[in-house]
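Naming convention: chains lettered A, B, ... in sequence-line order (proteins, then strands); numbering from 1 in each chain.
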Amino acid sequence: MNKLEAQNVNVYYGANKVINDISISIKPNSVTAFIGPSGCGKSTFLRLFNRMNDYIDIFKMEGKVEIDGKNIYDKNIRVEELRKQIGMVFQKPNPFPKSIYENIVYGLRIQGIKDKNILDETVEKSLKQAALWEEVKDKLKNSALALSGGQQQRLCIARTLAVEPTVILMDEPASALDPISSAKVEELIYELKNNYTIVIVTHNMQQAARVSDTTAFFYMGELIEHDATKLIFTNPKNERTQNYVTGRFG
Amino acid sequence: MNSAVKNRIKDNAFKYFGIACTSFGLLMLAIFIGNILIEGVARIDWDFITNFPSRNPEKAGILPALVGTLWIMGLTAIIAIPLGVSAGVYLEEYGKKSRLANILEINISNLAGVPSIIYGLLGLEIFGRILGMGGSLLAGASTLSLLILPIIIVSTREALKAVPKSIKEASFAMGASKWQTIWYQLLPASFGGVITGIILALSRAIGETAPLIVIGALAYVPFVPASPTDEFSVLPIQIFNWISRPQKGFAINAASAIIILLLVTFVLNGVAMYLRNRWQKKVKW
């Protein structure tokens, strides 16, 4: 069964149609890259999966978005529950202005978990998963804002992992980082895909080619092509895809 | 003379004009404070602080007025802080788009401009008469709370607005509810701004005289208020009372009381600045 599925989705910002009749299926434990020029709707589309667009007043959508076969825009879906299952990492690292420790346990605290053993274990486990443990294990009580940008982004990934989601959405997670930090995040994505379904929006073609299993090309609010990454980059069916991945426009 | 030289002269002229403008207010304040200090500082001793008012200016003290001022501050804080901060959070985070919130917002801005004596009349009618509080500390504190609520509400909103949207998004994306986001993220992150607004509002309340006179605060209080239902006086009223007397001795007393009132206000403002700086160091975006 598909992990994520969108069927005939339209999205409007006021009278503006920004997503035009998109359907897509995403397999479990895979990495899917969304590529396309700025303003093509890929970030908006990504944010449909954890309902982050709900905060935009003029947002309206039609169609179905499903996780494990359940429509997440159903009236009796609780958004808070949904987001424990679908984590998100943002473009700019956005740790909370609290200690490293408190950043990681935030997701547990808001679920009412107080047991110190569980919290401690989660902190270690999540930081190890995010390949950050060795760098910060002696300064867990320090402010997260004192970390470098790359460390902050891995902290944000660890924070997301702490609540044990099954899906992780990443909105250009490495675009604000230097090449070395960026490479570390990529490596991390590669490792995480064994246990998580990952969807990543990226402007970096090489990154898409390196980390993803399938790639979806968006253009002007439409999904032009979605196929195995190898095919998209070597032998795309659509001419516009070809032009984009070879750098002829965008 | 070429234009570059002309421009430079103009530039300098404006700079000195600006310095003159800035110093004017400060100079006036300095003269005022100097005057008060020369006149009043010799009169301040422990007796002045612990004595009751008296017909004899050398024996008169400010104890009831000082205690009254502290009571009023405390009660006003207890009433105004929760109301003001909650209203600010509502308007900023919940009611942003609703028509009700719009109406509330316009009214709050208007309230900030209402003369304080009008608040006194409002307080006299509602707290003094209808709710039967009379001229008590509670009635005075409630009235002053109304007076400073707009300041607290506006500063709370500004402080919340200054928290980056990315923090809010991160919290929501972790599965936090709106309330959890406000409680665990937005309020702690905006604490410095909120507390500054609160203390500035309280230092405004500390100097108010008119509304308290209207609700019936006393000029002569031969006892120390011991509970919120007691009648009271405050420092500004004591000062006003002394200044209006013909004897020279009371004018000196007034100057001394002004020094004490200024000290209390400076301490409050100092605390505000300290807290704000401490918090800004902790929270950097």
Exercise. Atom CZ in A:Arg51, atom CZ in A:Phe59: separation rounded to 0.5 Å?
Worked result: 8.5 Å

Exercise. Is B:Lys168 salt-bridged to B:Glu93, going by a charged N under 4.0 Å from an acidic O?
Worked result: yes

For this session: In plain terms, say whether A:Lys193 and A:Glu191 are close enough for a salt bridge, that is, a side-chain N and a carboxylate O under 4.0 Å apart.
Result: no

Exercise. For A:Leu169, is it the side chain, the backbone, both or neither that has a heavy atom under 4.5 Å from a heavy atom of chain B?
Worked result: neither

Problem set entry | Toward chain B, the part of A:Arg159 with a non-hydrogen atom under 4.5 Å | both

Exercise. Which of the residues A:Gln91, A:Arg78, A:Gln85, A:Lys98 is involved in the greatest number of heavy-atom pairs with chain B at under 4.5 angstrom?
Worked result: A:Lys98

For this session: Among A:Asn94, A:Thr160, A:Val79, A:Asn50, single out the residue with the greatest number of heavy-atom pairs under 4.5 Å to chain B.
Result: A:Asn94

Exercise. Is NZ or CZ of A:Lys42 both nearer than 6.0 Å to the six-membered ring centre of A:Phe34 and within 45° of the ring axis?
Worked result: no

